[in-house]
Amino acid sequence: MRLLTHNMLACNIKGVTNGYPLRLEAEKWVEKEVNFNADFLRSVFPKIEWPALVGAVRALGCHDLLPQDAPNPSALDSDDDFLRRFHRALLQLHVEEGALVCPETGRRFPISKGIPNMLLHEDEV
(Lines give C-alpha, C1' and ligand atoms only; values in the text may rest on other atoms or scores of the structure.)
Protein backbone atom coordinates (compact mmCIF):
# COMPACT_ATOMS: atom_id res chain seq x y z
CA MET A 1 0.00 0.00 0.00
CA ARG A 2 1.43 3.32 -1.03
CA LEU A 3 1.20 6.26 1.33
CA LEU A 4 -0.88 7.98 -1.34
CA THR A 5 -3.52 5.32 -0.68
CA HIS A 6 -3.21 5.71 3.09
CA ASN A 7 -3.83 9.44 2.71
CA MET A 8 -7.23 8.75 1.16
CA LEU A 9 -8.57 6.03 3.47
CA ALA A 10 -10.87 6.62 6.43
CA CYS A 11 -12.79 4.50 8.90
CA ASN A 12 -16.42 4.21 7.79
CA ILE A 13 -17.87 2.35 10.75
CA LYS A 14 -21.45 3.40 11.49
CA GLY A 15 -21.50 6.30 13.95
CA VAL A 16 -17.80 7.18 13.63
CA THR A 17 -17.28 10.92 13.24
CA ASN A 18 -13.49 11.05 13.61
CA GLY A 19 -12.26 8.23 11.35
CA TYR A 20 -9.39 10.11 9.70
CA PRO A 21 -6.46 9.85 9.53
CA LEU A 22 -6.00 6.17 10.20
CA ARG A 23 -2.94 5.46 12.34
CA LEU A 24 -0.40 3.38 10.45
CA GLU A 25 1.23 0.43 12.19
CA ALA A 26 3.74 -1.02 9.74
CA GLU A 27 5.33 -4.38 10.44
CA LYS A 28 7.04 -4.57 7.05
CA TRP A 29 7.59 -1.96 4.39
CA VAL A 30 9.68 -1.79 1.24
CA GLU A 31 10.79 0.86 -1.18
CA LYS A 32 9.81 0.28 -4.81
CA GLU A 33 11.20 2.34 -7.69
CA VAL A 34 8.55 4.44 -9.46
CA ASN A 35 9.14 6.78 -12.41
CA PHE A 36 9.38 10.41 -11.32
CA ASN A 37 6.60 12.66 -12.68
CA ALA A 38 6.84 16.25 -11.44
CA ASP A 39 3.58 17.30 -13.11
CA PHE A 40 1.64 14.55 -11.32
CA LEU A 41 3.19 15.55 -7.98
CA ARG A 42 2.29 19.19 -8.49
CA SER A 43 -1.31 18.30 -9.36
CA VAL A 44 -1.82 15.91 -6.41
CA PHE A 45 -0.10 18.13 -3.80
CA PRO A 46 -3.18 20.29 -3.02
CA LYS A 47 -5.26 17.14 -2.42
CA ILE A 48 -2.88 15.64 0.14
CA GLU A 49 -3.63 15.97 3.85
CA TRP A 50 -0.11 16.97 4.86
CA PRO A 51 -0.23 16.07 8.60
CA ALA A 52 -1.54 12.58 7.73
CA LEU A 53 1.26 12.04 5.20
CA VAL A 54 3.95 13.24 7.58
CA GLY A 55 2.55 11.01 10.33
CA ALA A 56 2.62 7.97 8.04
CA VAL A 57 6.16 8.69 6.89
CA ARG A 58 7.31 9.02 10.49
CA ALA A 59 5.49 5.79 11.44
CA LEU A 60 7.83 4.10 8.95
CA GLY A 61 10.84 5.64 10.68
CA CYS A 62 11.68 8.14 7.92
CA HIS A 63 11.69 11.13 10.27
CA ASP A 64 13.74 13.48 8.08
CA LEU A 65 12.14 12.74 4.71
CA LEU A 66 9.44 15.46 4.82
CA PRO A 67 9.16 18.74 6.72
CA GLN A 68 6.58 18.95 9.53
CA ASP A 69 4.76 21.82 7.82
CA ALA A 70 3.65 21.72 4.19
CA PRO A 71 5.71 23.97 1.96
CA ASN A 72 4.20 26.79 -0.02
CA PRO A 73 2.80 25.38 -3.29
CA SER A 74 4.92 27.86 -5.25
CA ALA A 75 8.00 25.98 -3.99
CA LEU A 76 6.93 23.01 -6.11
CA ASP A 77 8.07 24.86 -9.21
CA SER A 78 11.56 25.60 -7.93
CA ASP A 79 12.52 23.00 -5.30
CA ASP A 80 13.45 19.80 -7.14
CA ASP A 81 14.87 18.25 -3.95
CA PHE A 82 11.54 18.63 -2.16
CA LEU A 83 9.63 17.18 -5.13
CA ARG A 84 11.88 14.11 -5.14
CA ARG A 85 11.42 13.57 -1.39
CA PHE A 86 7.64 14.06 -1.79
CA HIS A 87 7.70 11.51 -4.65
CA ARG A 88 9.61 9.02 -2.51
CA ALA A 89 7.20 9.39 0.42
CA LEU A 90 4.00 9.33 -1.59
CA LEU A 91 4.77 6.71 -4.24
CA GLN A 92 7.86 4.66 -3.42
CA LEU A 93 7.30 3.69 0.21
CA HIS A 94 5.02 0.62 0.27
CA VAL A 95 3.60 -0.93 3.42
CA GLU A 96 3.53 -4.70 2.90
CA GLU A 97 2.31 -5.90 6.31
CA GLY A 98 0.72 -4.12 9.26
CA ALA A 99 -2.53 -2.42 10.14
CA LEU A 100 -4.51 0.80 9.86
CA VAL A 101 -6.15 1.82 13.13
CA CYS A 102 -9.28 3.94 13.49
CA PRO A 103 -8.48 6.95 15.70
CA GLU A 104 -11.94 6.91 17.28
CA THR A 105 -12.73 3.23 17.85
CA GLY A 106 -9.31 1.58 17.77
CA ARG A 107 -10.60 -0.89 15.15
CA ARG A 108 -7.66 -2.44 13.30
CA PHE A 109 -7.83 -2.93 9.54
CA PRO A 110 -5.10 -5.39 8.50
CA ILE A 111 -2.67 -4.81 5.66
CA SER A 112 -1.57 -8.07 4.05
CA LYS A 113 0.69 -8.38 1.01
CA GLY A 114 0.33 -4.62 0.51
CA ILE A 115 -3.48 -4.64 0.45
CA PRO A 116 -5.49 -2.95 3.21
CA ASN A 117 -8.65 -4.85 4.17
CA MET A 118 -11.21 -2.16 4.93
CA LEU A 119 -14.22 -4.51 4.96
CA LEU A 120 -16.57 -3.85 7.85
CA HIS A 121 -18.16 -6.47 10.09
CA GLU A 122 -21.91 -6.84 9.83
CA ASP A 123 -22.54 -4.90 13.04
CA GLU A 124 -20.38 -1.98 11.82
CA VAL A 125 -22.51 -1.02 8.81
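For the numbers below, each heavy atom of this structure counts, side chains included, while hydrogens, waters and symmetry mates do not. In this text the structure is predicted, and so the values were computed from the model without any measurement.
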* Under the salt bridge (charged side-chain N to carboxylate O under 4.0 Å, His left out) test, residues paired with D39 that sit two or more places apart -> R42
Compile the donor-acceptor pairs under 3.5 Å between side chains in residues 12-22 and protein atoms, sequence neighbours left out, one pair per line.
{"residue": "K14", "atom": "NZ", "partner": "V125", "partner atom": "O", "Å": "3.4"}
{"residue": "T17", "atom": "OG1", "partner": "E104", "partner atom": "OE1", "Å": "3.4"}
{"residue": "Y20", "atom": "OH", "partner": "N7", "partner atom": "O", "Å": "2.7"}

* **Expected output: side-chain T105 to main-chain C102 donor-acceptor under 3.5 Å** => no
* Structure fact -> Shortest non-hydrogen pair, L3 vs A56, comes out as CD2-CB, 4.0 Å
* To do: Taking R23 for its side chain and V101 for its backbone only, find out whether a donor-acceptor pair lies under 3.5 Å.
  => no
* With D80, which residues qualify under salt bridge (charged side-chain N to carboxylate O under 4.0 Å, His left out), at least two apart? -> R84
* Under the salt bridge (charged side-chain N to carboxylate O under 4.0 Å, His left out) test, residues paired with D81 that sit two or more places apart -> R85
* Asked: For the residue pair A99 and R108, what are the closest heavy atoms and their distance?
  -> CB-NH2, 3.4 Å
* Asked: Would you call the rings of F45 and F86 parallel, tilted or perpendicular, where under 30° means parallel and over 60° means perpendicular?
  -> perpendicular
* Would you say H94's side chain and L91's backbone share a donor-acceptor pair under 3.5 angstrom? -> yes
* Heavy-atom distance under 4.5 Å between the side chains of K32 and Q92, does that happen here? -> no
* Would you check if the side chain of W50 reaches a backbone N or O of P71 as a donor-acceptor pair within less than 3.5 Å? => no
* Asked: Can you tell me how far CZ of R58 sits from CG of L53, rounded to the nearest 0.5 angstrom?
  -> 10.0 Å
* To do: Using a 4.5 Å cut-off on heavy atoms from C-beta on, say whether the side chain of L9 contacts that of T5.
  => yes
* Structure fact -> Rounded to the nearest 0.5 angstrom, the CG-CG distance for L60 and L65 is 9.5 Å
All N/O donor-acceptor pairs, side-chain side in residues 113-123, below 3.5 Å, sequence neighbours left out:
{"residue": "N117", "atom": "OD1", "partner": "L119", "partner atom": "N", "Å": "3.0"}
{"residue": "H121", "atom": "NE2", "partner": "R107", "partner atom": "NH2", "Å": "3.2"}

* Structure fact -> Closest heavy-atom pair, P67 versus V54, reported as atoms and distance to 0.1 Å, is O-CG2, 3.5 Å
* To do: Using the test side-chain hydrogen bond (donor to acceptor under 3.5 Å, both in side chains), find all partners of S74 that sit at least two apart in sequence or belong to another chain.
  => N72
* Nearest-0.5 Å distance, CE of residue M1 to OG of residue S112 -> 12.5 Å
* **Working for side chain to side chain contact (heavy atoms under 4.5 Å, CB included), residues D79 and L83** => CA-CA 6 Å; D79 191 346; L83 269 182; over 6 Å; no
* Kindly assign one of parallel, tilted or perpendicular to the pair F36 and H87, based on the angle between their ring planes and the thresholds 30° and 60°. => perpendicular
* Which pair of non-hydrogen atoms, one from W29 and one from L93, has the smallest distance, and what is that distance? -> CZ3-CD2, 3.4 Å
* Asked: So how far is it from R2 CZ to L90 CG, rounded to the nearest 0.5 Å?
  -> 9.0 Å
* Does R88 come within less than 4.0 Å of E33, counting only side-chain N to carboxylate O? -> no
